[in-house]
Engineer: 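Here you go, one structure.
Within every chain, numbering begins at 1; the chains are lettered A, B, ... in the order of the sequence lines, protein sequences first and strands thereafter.
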Amino acid sequence: MDVILNFIAENLPMITILTLATFVGIEIIAKVPTVLHTPLMSGSNAISGVVVIGAILLIRDAKPDEYLTLIIGFLGIALAMINVVGGFAVTNRMLEMFKKKKK
Amino acid sequence: MERHITDFLYLISIVVFIFGMKGLSSPATARKGNLTAAAGMGLAILIALFSPAEGSFDNHIWIIAGMVVGSAIGLVSAKRVAMTKMPEMVSLFNGLGGATAMLIGFIELKNYQPAVISTVKSLLSNGEAANLMNGEVFSSIFALIIGAVSFSGSLIAWGKLNGSLRDNIKLPAPQIVNLVTLTAIIALSVMIMNGEEMNFALLLILTVLGLFYGVAFVSPIGGGDMPVVISLLNSFTGVGAAVAGLIYGNNIMIIGGILVGASGTILTVLMCEAMNRSLISVIIGGLGSSGSSSGSDREEVVKEATPADLAIQLKYSERVVIVPGYGLAVAQAQHVCHELEQSLEAEGVDVKYAIHPVAGRMPGHMNVLLAESDVDYDKLMELEPANDAFNNTDVVLVIGANDVVNPAAKTDTGSPIYGMPILDVEQAKNVIVFKRSMSTGYAGIQNPLFFGERTKMLFGDAKASLGKLKEELNNA
């Protein structure tokens, strides 16, 4: 029990942020037309690639001879960047098509 | 001081993210929204790269190399992928993000030293406890597990959509396997956190279990539920990113991740609503394997249509509605479909499209495809207006759709899709079904529509059939 209370006490600002951001996330897309479900899923999927920041911080903290960390960090960055760049690019391609016919 | 500047810059990119997502949720601003979100991501990456950090070794070469490789692969695959393959692509991208969360969690745990508390991480570590019962270890374990589940689950979903993994993986008693795996994961996590120092063997087992859980979780779910699963896994990856953000006390990861987690969950619920199923029943149930429909044993006859007859019938119709499905996407028939629509319009026939919310393999999948071939946005009807229009329609062309027009969903309480709202094409005067063969749809159930009084079948590849039909129409 103590552990949980301690955890909450120490991380209150972050828990607050987490809670509020949840509501923002829900509110933002509460009214989205079906047409946009696929692009929205694909776009938000690209945003979840924000995990790349973690991999960058991981590598920056590693000593230059910690090869396992460096290699896995490198792999993590590469995979997350595929998610980010590929995700935004593919979403853009989809949305371009919608735009074209509206003129 | 520098830390505050960094955090403030992150805050800016968070605001940019939120504007981007807001833009993405409305048709007029969607494209701008996507680019805005991308800009926010670019800013966040720059901050992470160059923010001053005490005692850091930077290792920028490794970072840049990873970014160049990843960006190149991402860009090329995004450019090359056919629009019909979109759902698979999103699923695969999503899995890679999950993999990164998993790798971060794994390395943080492997490198974790209870005694040493680095400056960056001090926010989360509980300095007094000598064991591993603290926020950082907890967050790392959480990121590892969620990332692993999202990674392997997305790969299974990708394989299933590809067709390469259709029914190959069948675990016995999937619910029990899932429950046991989940229990083992929790028990193992508690064991790790109760240890004095990191137990590498346990860590490896935990990772494997996480990966296995993703497989066990997704593989029994089949049929029309795959879009829901992808959306759910997407929100998992978001949560994984947010939890990984907790390790570093990094606001942009926390907020960006949770935005995706929350909106992904809502999107998942919206999709379930479109299919009249609860999320729980999707996860536990799994379509297809449960009881077969009552009337399917009877010998029933289907009537076949020929392109020549159909062309004449269409020419003298007033209103035609096209119901596209995944078969249209597979056959790459969206362009010839649009050409047929134009030929008919030239003959004075009113042509509309009826789009079921879950037609294809993703909600909105058909909208994207038809937009690709320049179909006018005003010609697309959603479920309810379409159902109102059918009894006024002369001919309905069902092209590669099956489950979304299956009347068993209304009448047969034993059918696994019972209760799902369908496009009620039987109300129309004539129904023509374009299909390769009599095989069942993705949900694996027979469709009484094919035997209906007003239904005729046109067998063959959708693209070829539509092409022939268009030719006959121009000759007629």
Engineer: Applying side chain to side chain contact (heavy atoms under 4.5 Å, CB included) to Ile77(A) and Ile63(B), what does each step give before you reach the verdict?
Structural biologist: CA-CA 7 Å; Ile77(A) 290 178; Ile63(B) 299 175; 3.8 Å; yes
Engineer: Against chain B, label Ala62(A) side chain, backbone, both or neither, depending on which of its atoms sit under 4.5 Å from a heavy atom there.
Structural biologist: both
Engineer: What part of Val269(B) is in contact with chain A, defined as an atom under 4.5 angstrom from a non-hydrogen atom: side chain, backbone, both or neither?
Structural biologist: neither
Engineer: Looking just at side-chain N and O atoms, do Asn83(A) and Thr100(B) make a donor-acceptor pair shorter than 3.5 Å?
Structural biologist: no
Engineer: Return the CG to CG distance between Leu40(A) and Leu267(B), rounded to the nearest 0.5 Å.
Structural biologist: 5.5 Å
Engineer: Just so I know, are the side chains of Tyr248(B) and Ile53(A) near enough to count as touching, which here means a heavy-atom distance under 4.5 Å?
Structural biologist: no
Engineer: Would one find more than 12 heavy atoms of other residues, nucleotides or ligands at under 6.0 Å from atom CG of Leu46(B)?
Structural biologist: yes
Engineer: Just say parallel, tilted or perpendicular for the rings of Trp62(B) and Phe74(A), cut-offs at 30° and 60°.
Structural biologist: perpendicular
Engineer: Between Ile72(A) and Lys110(B), is the side chain to side chain contact (heavy atoms under 4.5 Å, CB included) condition met? List the steps.
Structural biologist: CA-CA 12 Å; Ile72(A) 291 201; Lys110(B) 190 197 144 289; over 6 Å; no
Engineer: Any side-chain heavy atom of Ile47(A) sitting closer than 4.5 Å to one from Leu259(B)?
Structural biologist: no
Engineer: Specify the closest pair of heavy atoms between Ile82(A) and Gly70(B), including all atoms of both residues, with the distance to one decimal.
Structural biologist: CG1-O, 3.3 Å
Engineer: With respect to chain A, which residue among Gly240(B), Ala244(B), Ala44(B), Ala37(B) yields the maximal number of heavy-atom pairs within a distance under 4.5 Å?
Structural biologist: Ala37(B)
Engineer: Write down the atom of Phe88(A), the atom of Met41(B), and the distance for their closest heavy-atom approach.
Structural biologist: CE1-CB, 3.9 Å
Engineer: Would the number of heavy atoms belonging to other residues, nucleotides or ligands and lying under 6.0 Å from NZ of Lys32(B) be above 12?
Structural biologist: no
Engineer: If you define the side chain from C-beta out and look only at heavy atoms, does anything of Ser42(A) sit under 4.5 Å from Met89(B)?
Structural biologist: no
Engineer: Name the option with the most non-hydrogen atom pairs under 4.5 Å to chain A; the candidates are Ala30(B), Gly74(B), Ala143(B), Gly264(B).
Structural biologist: Gly74(B)
Engineer: Rounded at 0.5 Å granularity, tell me how far CD1 in Ile18(B) sits from CD in Glu27(A).
Structural biologist: 12.0 Å
Engineer: Which atom pair, heavy atoms only, marks the closest approach of Val368(B) to Pro39(A)?
Structural biologist: CG2-CD, 4.5 Å
Engineer: Would you indicate whether the side-chain heavy atoms of Thr91(A) and Leu24(B) approach each other to under 4.5 Å?
Structural biologist: yes
Engineer: Using modelled atom types only, decide if a donor and an acceptor are shared between the side chain of Arg60(A) and the backbone of Ser51(B) within a distance under 3.5 Å.
Structural biologist: yes
Engineer: With rounding to the nearest 0.5 Å, note down the distance linking CG in Leu103(B) to CG in Leu58(A).
Structural biologist: 9.5 Å
Engineer: Show the numbers, then the answer: is there a side chain to side chain contact (heavy atoms under 4.5 Å, CB included) between Asn34(B) and Met94(A)?
Structural biologist: CA-CA 11 Å; Asn34(B) 182 53; Met94(A) 273 191 250; over 6 Å; no
Engineer: To check you understand the geometry: which heavy-atom pair defines the closest contact between Leu18(A) and Ile254(B), and what is its length?
Structural biologist: CD1-CG2, 3.1 Å
Engineer: Quick one: what part of Leu20(A) sits under 4.5 Å from any heavy atom of chain B, side chain, backbone, both or neither?
Structural biologist: neither
Engineer: Name the region of Leu380(B), side chain, backbone, both or neither, that has any atom closer than 4.5 Å to a heavy atom of chain A.
Structural biologist: neither
Engineer: Which heavy atom in Gly54(A) sits nearest to a heavy atom in Ile104(B), and how many Å separate them?
Structural biologist: C-CD1, 3.6 Å
Engineer: Once rounded to the nearest 0.5 Å, what's the spacing between atom CD of Glu108(B) and atom CG of Asp61(A)?
Structural biologist: 7.5 Å
Engineer: What distance do Ile17(A) atom CD1 and Asn251(B) atom CG have between them, rounded to the nearest 0.5 Å?
Structural biologist: 4.0 Å
Engineer: Mind ranking Ile71(A), Val52(A), Leu57(A) by heavy-atom pairs under 4.5 Å with chain B and telling me who comes out on top?
Structural biologist: Leu57(A)
Engineer: If only atom types and distance count, is the side chain of Asn45(A) paired as donor or acceptor with the main-chain N or O of Asn234(B) below 3.5 Å?
Structural biologist: no
Engineer: Which answer fits Asn59(B), side chain, backbone, both or neither, if we ask what part of it has an atom under 4.5 Å from a heavy atom of chain A?
Structural biologist: both
Engineer: Measure distances from Val84(A) to the heavy atoms of chain B and classify the residue's part below 4.5 Å as side chain, backbone, both or neither.
Structural biologist: side chain
Engineer: Between Phe236(B) and chain A, with a heavy-atom cut-off of 4.5 Å, which part of the residue counts as in contact: side chain, backbone, both or neither?
Structural biologist: neither
Engineer: Measure Met102(B) against the heavy atoms of chain A and call it side chain, backbone, both or neither at under 4.5 Å.
Structural biologist: neither
Engineer: Pick from Val69(B), Ile73(B), Ile47(B): which one has the most heavy-atom pairs with chain A under 4.5 Å?
Structural biologist: Ile73(B)
Engineer: Under 4.5 Å from any heavy atom of chain A, what part of Ser26(B) do you find: side chain, backbone, both or neither?
Structural biologist: backbone
Engineer: Over all heavy atoms of both residues, which pair between Gly86(A) and Ala78(B) is shortest? Give the atoms and the distance, please.
Structural biologist: O-CB, 3.6 Å
